[in-house]
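Let me begin by presenting the structure, written as structure tokens, before commenting on it.
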Amino acid sequence: MSRSCDVCGKHSMHGNRVSKSYNHTRRQWKPNLLKIKTEIDGTTRTIKICTQCLRSGFIVKKINVTPANAGASKSE
């Protein structure tokens, strides 16, 4: 399973960490991925999406709607 966005394809980037004494060591930048339930072609699927695609509105989250009185107690 790769660390990449299913919408835009953003994935991990590699580079150098540079210290004050200018020593270089390898490091990795990972995208901010979320698992989102969405409806695609009439079926509910869980996809990994980066937060930039979610903010841009490429995918709409699927929200479970519960009845208004679902949390009410039946003590009366």
Side-chain angles (χ1 to χ4, degrees):
M1 189 173 287
S2 63
R3 292 185 174 134
S4 63
C5 177
D6 291 333
V7 176
C8 67
K10 186 186 290 186
H11 58 277
S12 299
M13 294 179 62
H14 302 278
N16 288 316
R17 178 183 291 119
V18 182
S19 69
K20 199 170 179 181
S21 60
Y22 208 62
N23 293 329
H24 289 64
T25 49
R26 298 299 286 176
R27 65 156 295 177
Q28 187 176 20
W29 289 271
K30 296 176 185 169
N32 190 5
L33 295 177
L34 302 173
K35 284 186 178 179
I36 299 294
K37 281 190 179 182
T38 185
E39 192 166 335
I40 300 174
D41 297 330
T43 60
T44 301
R45 292 185 55 201
T46 301
I47 61 171
K48 286 195 288 185
I49 184 172
C50 66
T51 53
Q52 295 297 317
C53 290
L54 185 63
R55 274 180 49 187
S56 299
F58 294 133
I59 296 293
V60 177
K61 283 176 142 183
K62 183 167 181 161
I63 300 172
N64 292 336
V65 179
T66 57
N69 59 359
S73 63
K74 297 182 180 181
S75 61
E76 292 184 46

- Query: What closest approach, in Å, do S56 and Q52 show between heavy atoms, and which atom pair accounts for it?
  - Reply: OG-O, 2.8 Å

Pairs under 3.5 angstrom only: tabulate donor-acceptor contacts from the side chains of residues 36-46 to other protein residues two or more places apart or in another chain.
unit_1, atom_1, unit_2, atom_2, d
T38, OG1, V60, O, 2.9
T43, OG1, I40, O, 2.9
T44, OG1, K62, NZ, 2.8

- Message: Tell me if the CZ atom of R26 is crowded by more than 12 foreign heavy atoms within 6.0 Å.
- Response: yes

- Are C50 and N32 close enough, and set up right, to give a side chain to side chain contact (heavy atoms under 4.5 Å, CB included), and what steps lead you there? CA-CA 5 Å; C50 66; N32 190 5; 5.9 Å; no

- Note on the structure: When D6, V7, I59 are each screened for side-chain contact (heavy atoms from CB on, under 4.5 Å) with C53, the one that passes is V7

- Query: When rounded to the nearest 0.5 angstrom, what is the spacing between NZ in K10 and OG in S4?
  - Reply: 11.5 Å

- Pairs in or reaching into residues 25-63: which pass ring pair (Phe, Tyr, Trp, His ring centres under 6.0 Å), with residues at least two apart or in two chains? none

- Message: Any side-chain to backbone donor/acceptor pair from H14 onto S12? Under 3.5 Å, distance only.
- Response: no

- ILVMFWY cluster, I47 and L54 together (side-chain gap under 4.5 Å): yes

